[in-house]
Number of protein chains: 2
Amino acid sequence: MSDIRVLVVEDEPVAAAAHGAYVGRLKGFSLAGTAPDGQSALRLLAEFSAAGNPVELVLLDMNLPDLHGLDIARRMRASGLLADIIAITAVRELNIVRSAVSIGVVQYLIKPFTYATFADKLASYQQFREQLGAGSGGARSGASQSDVDQAFASLRAPSELPLPKGLSTSTLDAVKEFMKQQQDAVSATEVMDALGMSRVTARRYLEYLADAGTVSRTARYGAPGRPENEYRWNRG
Amino acid sequence: MSDIRVLVVEDEPVAAAAHGAYVGRLKGFSLAGTAPDGQSALRLLAEFSAAGNPVELVLLDMNLPDLHGLDIARRMRASGLLADIIAITAVRELNIVRSAVSIGVVQYLIKPFTYATFADKLASYQQFREQLGAGSGGARSGASQSDVDQAFASLRAPSELPLPKGLSTSTLDAVKEFMKQQQDAVSATEVMDALGMSRVTARRYLEYLADAGTVSRTARYGAPGRPENEYRWNRG
DNA sequence: ACCTTCCATGACCAATATGAACGCAACGGT
DNA sequence: ACCGTTGCGTTCATATTGGTCATGGAAGGT
């Protein structure tokens with residue numbers, strides 16, 4: 001799959017360069033261009049689109065010299081540009097967030113942010129794209145309600161938040177390290193044995209990783225008794 | 001807090017009445033009107049907005065006689081109408097979902113759906129609204145990144161609807177995934193072999209899906225032995 | 001040194017796929 | 001027509017695991 005083409009819209013040169021560099025560091029994304037104000041952003045978008053090489057994602061600053069970010073979004077929609085938008089702003093007003101959502105902003109980043117936060121948001125967007133694009137090799141793919149729900153869920157903000165109560169970073173790292181080394185799927189009991197922790201603890205961390213999308217969870221059938229969950233590290 | 005005003009856009013009278021009744025049953029929502037096609041929907045939205053009584057949420061069918069739902073959404077954005085949109089459709093094409101998201105659809109419901117599913121989606125939207133509205137003391141509201149993340153999360157988090165006792169979501173997903181891939185009708189025994197589970201379990205989940213209307217059930221004759229039920233994934 | 005906070009543990013109860021046993025409905029030969 | 005054969009539908013007890021609660025012990029702050 002080809003890279004997701006990104007346009008950075010930001011008036012401050014330092015920030016624009018930083019965001020562009022951030023995009024360049026991410027696998028699966030490529031920087032299509034940079035625009036210092038709303039007019040040039042719209043012009044660039046139209047040009048790329050006319051050239052058959054449309055931008056698919058816009059990192060849009062809300063505070064621009066000529067137009068507000070929301071106006072740019074509105075004009076994009078009016079002209080039928082389908083690029084997704086991640087809003088980047090220092091303005092923390094909730095009604096702006098509301099409006100942004102209804103115009104179709106998929107993510108909302110508040111300045112200042114770290115590279116980790118930035119990468120996290122773009123990664124979740126990438127996962128969203130993949131889930132909708134993975135239509136199981138057919139011209140016509142039938143999506144079920146749960147498929148759509150799952151795709152929406154990956155747009156949800158994951159785990160930059162502090163860990164849920166009852167989890168420690170050191171134990172989590174140990175579990176992650178072990179899971180990474182496993183080729184096949186492993187059960188909670190096997191993790192318990194391998195790491196010498198209790199079944200409850202092993203399960204709690206595996207469950208957390210499964211919710212965060214770091215590991216996938218499937219059931220293991222064939223034996224009597226309640227089905228055993230097995231966990232597998234997600235690669236690529 | 002006052003009710004969220006909802007407009008139902010649906011050409012089929014039976015479905016329109018049903019959706020309207022659904023809205024009426026929900027606390028915190030009130031039905032502002034119903035429109036049978038795109039033109040009347042846009043007109044109604046404009047009228048309500050001009051009267052200072054704007055619609056805040058549109059339940060938008062994608063398949064309408066005059067305009068496609070995506071076109072309606074685009075025109076709404078072009079005229080600056082900020083109502084949020086929940087798409088309702090029988091069309092399960094993933095690229096439609098993609099476009100819908102980039103235009104600002106906040107939820108996506110696939111027909112046919114139960115009242116429970118419907119209520120669930122609207123409840124999560126309601127929660128999203130409340131989280132953003134909670135700090136609204138005017139311009140004073142300083143939202144942190146985690147606040148915004150949390151609001152997004154409640155908007156897109158998949159809600160787990162209660163399953164009948166004895167069924168698990170992971171097994172159900174496995175069966176659904178397998179059924180979706182099958183072109184022809186399959187028997188419970190074939191599902192058993194393919195997924196490695198027991199005949200009893202396979203049949204239980206197929207029966208559940210048949211009752212829910214997700215698969216259709218017919219009898220297969222011609223071979224000795226008791227006639228075998230065969231199941232087929234319902235498309236369109 | 002005491003208190004608070006936090007995480008891992010052990011034990012309990014609830015959940016769920018399995019296998020076997022029984023019954024039922026169509027097929028095919030007599 | 002009748003009856004044995006065949007293979008699936010249905011039910012039930014059972015085997016294991018998942019989930020939750022209260023407890024114990026360690027780490028850090030006062």
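Chain naming here is simple, since letters A, B, ... match the order of the sequence lines and numbering starts at 1 in each.
One can place CZ of B/Arg217 at 11 Å from P of D/dG9, the figure rounded to the nearest angstrom. Rounded to an integer number of Å, the gap from B/Asn229 CG to D/dT10 P is 7 Å. What separates CG of A/Leu167 from P of C/dT9 is a distance of 13 Å, to the nearest Å. D/dT17 atom P lies 9 Å from atom CE of A/Met192, rounded to whole Å. Counting to the nearest Å, the P atom of C/dT16 and the CZ atom of A/Arg226 are 5 Å from each other. Distance A/Asp193 CG to D/dT17 P: 11 Å, rounded to the nearest Å. The distance from atom OH of A/Tyr221 to atom P of C/dT16 is 11 Å, rounded to the nearest whole Å. If you measure from atom CG of B/Leu195 to atom P of C/dT16, you get 18 Å, rounded to the nearest angstrom.
Between B/His19 and B/Phe118, the ring planes are parallel. Angles under 30° get that label, and only those over 60° would be called perpendicular.
B/Ile96 places a side-chain heavy atom less than 4.5 Å from the side chain of B/Tyr108. Within the 4.5 Å cutoff, side-chain heavy atoms of B/Thr201 are placed close to those of B/Tyr205.
Between C/dT16 and B/Lys165, no contact under 4.0 Å exists linking OP1 or OP2 to a side-chain N or O. Considering only side-chain N and O atoms, A/Ser168 lies nowhere under 4.0 angstrom from the phosphate OP1 or OP2 of C/dC6. Between A/Thr171 and C/dA8, a side-chain N or O to OP1/OP2 separation shorter than 4.0 Å is present.
Nearest heavy-atom pair across A/Gln107 and A/Lys121 is OE1-CD, 3.1 Å. The two residues A/Glu190 and A/Ala185 make their nearest non-hydrogen contact at OE1-O, 4.2 Å. Taking all atoms of both residues into account, the shortest heavy-atom contact from B/Met192 to B/Ala202 is N-CB, 4.1 Å.
Fit an axis to the five pairs at each end of the helix from C/dA1-D/dT30 to C/dT30-D/dA1 and the two axes sit 20° apart, to the nearest 10 degrees.
Salt-bridge check for B/Lys111 with B/Glu12: failed, with every basic side-chain N at 4.0 Å or more from each acidic carboxylate O. Between B/Arg204 and B/Glu207, no side-chain nitrogen of the basic residue sits less than 4.0 Å from a carboxylate oxygen of the acidic one, so the salt-bridge criterion is not met.
Annotation: side-chain contact (heavy atoms from CB on, under 4.5 Å) contacts of B/Arg5 (sequence neighbours excluded): B/Ser30, B/Ala32, B/Phe48, B/Asn53, B/Glu56.
If you check residues 196-205 of chain B against DNA chain D, the residues with a heavy atom closer than 4.0 Å are B/Arg199, B/Val200, B/Arg203, listed by number.
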